[in-house]
2 protein chains.
Amino acid sequence: MVTEGANTEKLIKDTARELFFQKGRISATTQEIADTAGVNRALIHYYFRSREQLMEVVFDEAVKEVRDKISAIFRSDAPFKRKICDYLDAFINHNLNYPYIQNFIVTEITSDPEKEKEYFRRKRENLEKTVLPGLTEEIENGNMAPIKLEHFMTNLMSMCSYPMVAKPILQGMFGFDDKAYKNFLRERKVIIYRVLFNEEPEADW
Amino acid sequence: MVTEGANTEKLIKDTARELFFQKGRISATTQEIADTAGVNRALIHYYFRSREQLMEVVFDEAVKEVRDKISAIFRSDAPFKRKICDYLDAFINHNLNYPYIQNFIVTEITSDPEKEKEYFRRKRENLEKTVLPGLTEEIENGNMAPIKLEHFMTNLMSMCSYPMVAKPILQGMFGFDDKAYKNFLRERKVIIYRVLFNEEPEADW
DNA sequence: GTCTATAAAGGGATAGAC
DNA sequence: GTCTATCCCTTTATAGAC
């Protein structure tokens with residue numbers, strides 16, 4: 001085949017993304033990626049130089065969409081609790097699509113703390129601008145129990161992310177097959193809302 | 001030195017445990033373990049045959065204590081909410097001592113789903129015997145909002161474990177140094193209780 | 001652009017001397 | 001019990017032919 005180049009590059013990226021984030025083969029070798037894609041292993045280096053750069057490219061592409069969406073949600077002027085609903089939707093839908101991306105984030109950042117800086121450091125100022133005011137307002141108006149920003153965010157992120165990273169553990173514990181577990185994760189949107197605010201979400205959600 | 005055997009074996013175990021679970025060097029090589037312990041690499045194989053068996057030994061030893069403690073808590077006839085307090089104490093204290101043990105569990109089980117079986121499978125029946133009755137009773141007595149066993153357990157485990165596995169992420173996000181983060185984790189005992197039950201824990205806790 | 005061959009490095013494990 | 005030397009396998013990466 002002549003000049004299949006553009007397709008091959010995309011094929012490799014698609015395969016790597018699927019292996020890393022959808023099949024949970026986070027430590028897939030270049031050989032495994034090449035075999036799965038049905039291309040020669042050297043082509044991975046031809047297009048991406050190194051395994052590491054391939055990972056970086058597919059990771060950035062996989063999170064770009066949801067990151068932009070979540071940014072927009074928190075910068076919007078919607079009511080605070082509405083923002084949380086939108087966040088739950090965006091986050092859980094994205095993670096249903098990439099069931100192992102949280103494992104990837106956690107293991108990559110733990111094994112190389114340098115990667116954390118560029119990625120999460122500046123989130124702090126964002127948090128204080130975009131969620132602290134809404135949280136404070138709800139508390140002052142008596143619409144939710146007092147809680148510090150850090151604990152609220154930790155509760156939210158924990159209840160969203162842990163069921164992803166600990167999927168096999170919880171699946172085994174509860175005896176859920178893959179389909180039941182997906183359903184369980186979808187149920188969690190409203191469960192998490194209830195626990196955070198101790199009230200029912202709006203009916204139209 | 002003659003007949004240092006017994007000490008060497010313990011030295012290797014202590015070093016491995018420290019590297020794996022306290023320093024987060026989950027993928028530490030036999031060379032790294034040997035160098036850190038100040039012993040010859042071959043001794044690891046002499047005492048433990050393989051790296052994998054060494055891991056298994058130190059992991060089992062590290063969790064045995066807390067596992068027994070948690071089993072006893074849930075089998076006891078204390079009131080349900082008391083059990084949860086005791087669980088929070090036991091779990092968080094143990095994890096403060098082994099900050100990376102949750103990362104280890106999550107990555108090991110994700111990378112080899114076989115390991116899950118023996119370890120978490122039978123927990124299901126335990127759950128239904130030891131926590132379901134208490135949970136049901138509290139709900140029926142109107143002492144907490146209705147929630148399914150699976151979601152309650154997932155909320156509890158998520159809010160306990162995620163701050164451990166995502167330590168570098170949350171630390172970066174909130175700008176906490178190691179000391180501040182330890183303190184943050186200790187605060188979480190009462191935070192988690194509040195979120196789960198929407199009330200203050202007893203004053204003597 | 002794609003392939004084969006090969007370099008180069010890392011890591012687990014064992015044999016055998018001491 | 002402890003050490004050195006060595007084997008063997010896996011994996012990443014590149015050179016060079018086609």
Side-chain angles (χ1 to χ4, degrees), chain A residues 1-21 23-60 100 103-104 107-108 110-115, chain B residues 1-21 23-60 100 103-104 107-108 110-115:
Chain A
M1 308 183 186
V2 194
T3 318
E4 179 129 38
N7 288 330
T8 302
E9 183 172 358
K10 184 167 187 309
L11 178 60
I12 292 172
K13 279 201 294 192
D14 291 345
T15 306
R17 190 186 44 221
E18 191 179 325
L19 282 175
F20 291 150
F21 308 139
K23 295 194 175 165
R25 304 237 9 90
I26 291 172
S27 51
T29 63
T30 52
Q31 189 63 63
E32 182 175 355
I33 297 166
D35 289 348
T36 309
V39 303
N40 188 286
R41 199 167 64 81
L43 290 177
I44 290 176
H45 295 97
Y46 175 76
Y47 284 110
F48 302 96
R49 291 189 71 94
S50 70
R51 179 183 182 279
E52 202 179 348
Q53 287 191 41
L54 170 59
M55 275 188 132
E56 207 179 307
V57 168
V58 295
F59 177 73
D60 286 345
Y100 292 94
N103 299 70
F104 184 84
T107 58
E108 286 303 299
T110 297
S111 68
D112 178 10
E114 287 311 302
K115 292 187 182 166
Chain B
M1 306 181 188
V2 193
T3 318
E4 179 130 35
N7 289 330
T8 302
E9 184 172 358
K10 185 166 187 310
L11 177 61
I12 292 172
K13 280 201 293 192
D14 290 346
T15 305
R17 190 184 46 220
E18 190 179 325
L19 281 174
F20 291 149
F21 308 139
K23 294 195 177 167
R25 301 236 15 89
I26 291 172
S27 51
T29 64
T30 52
Q31 188 64 63
E32 183 176 353
I33 297 166
D35 288 349
T36 309
V39 303
N40 188 286
R41 200 166 65 86
L43 290 177
I44 291 176
H45 296 97
Y46 175 77
Y47 284 111
F48 302 97
R49 292 190 71 93
S50 70
R51 178 183 182 279
E52 202 179 347
Q53 288 192 40
L54 170 59
M55 275 188 132
E56 208 178 307
V57 168
V58 295
F59 177 72
D60 286 345
Y100 292 94
N103 298 69
F104 183 85
T107 59
E108 286 303 298
T110 297
S111 69
D112 178 9
E114 287 311 301
K115 292 188 181 165

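Numbers restart at 1 for each chain; the letters A, B, ... are given by sequence-line order, proteins then strands.
One interatomic measurement links the two molecules: OH of B/Y47 to C1' of C/dA13, which rounds to 17 Å at whole-angstrom precision. The distance from atom CD of B/E32 to atom P of C/dG12 is 10 Å, rounded to the nearest whole Å. Rounded to an integer number of Å, the gap from CG of B/L43 to P of D/dT4 is 10 Å.
Under the side chain to side chain contact (heavy atoms under 4.5 Å, CB included) criterion, B/A37 pairs with B/L11, B/T15, B/V39, sequence neighbours left out. Qualifying ring-ring contact (aromatic ring centres under 6.0 Å, His included) partners for A/F21, counting only residues two or more places apart in sequence or in other chains: A/F104.
Of all non-hydrogen atoms in B/Y100 and B/I26, the two that sit nearest each other are O-CD1, 4.2 Å. In plain terms, the two heavy atoms of B/F20 and B/I33 that are nearest each other are CZ-CD1, 3.9 Å.
Of the side-chain N and O atoms in A/T8, none sit less than 4.0 angstrom from OP1 or OP2 of C/dG1. Within the 4.0 Å cut-off from OP1 or OP2 of D/dT4, at least one side-chain nitrogen or oxygen of B/N40 is found.
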Which nucleotides of nucleotides 9-16 of chain D have their base under 4.0 Å from a protein heavy atom (B), which only their sugar-phosphate (S), and which neither (-), written as one string 5' to 3'?
-> --SBBB--

Audit row: A/L54, A/Y47, side chain to side chain contact (heavy atoms under 4.5 Å, CB included) steps and yes/no = CA-CA 9 Å; A/L54 170 59; A/Y47 284 110; over 6 Å; no

Step by step, work out the side chain to side chain contact (heavy atoms under 4.5 Å, CB included) result for B/D14 and B/E18.
-> CA-CA 6 Å; B/D14 290 346; B/E18 190 179 325; 5.9 Å; no

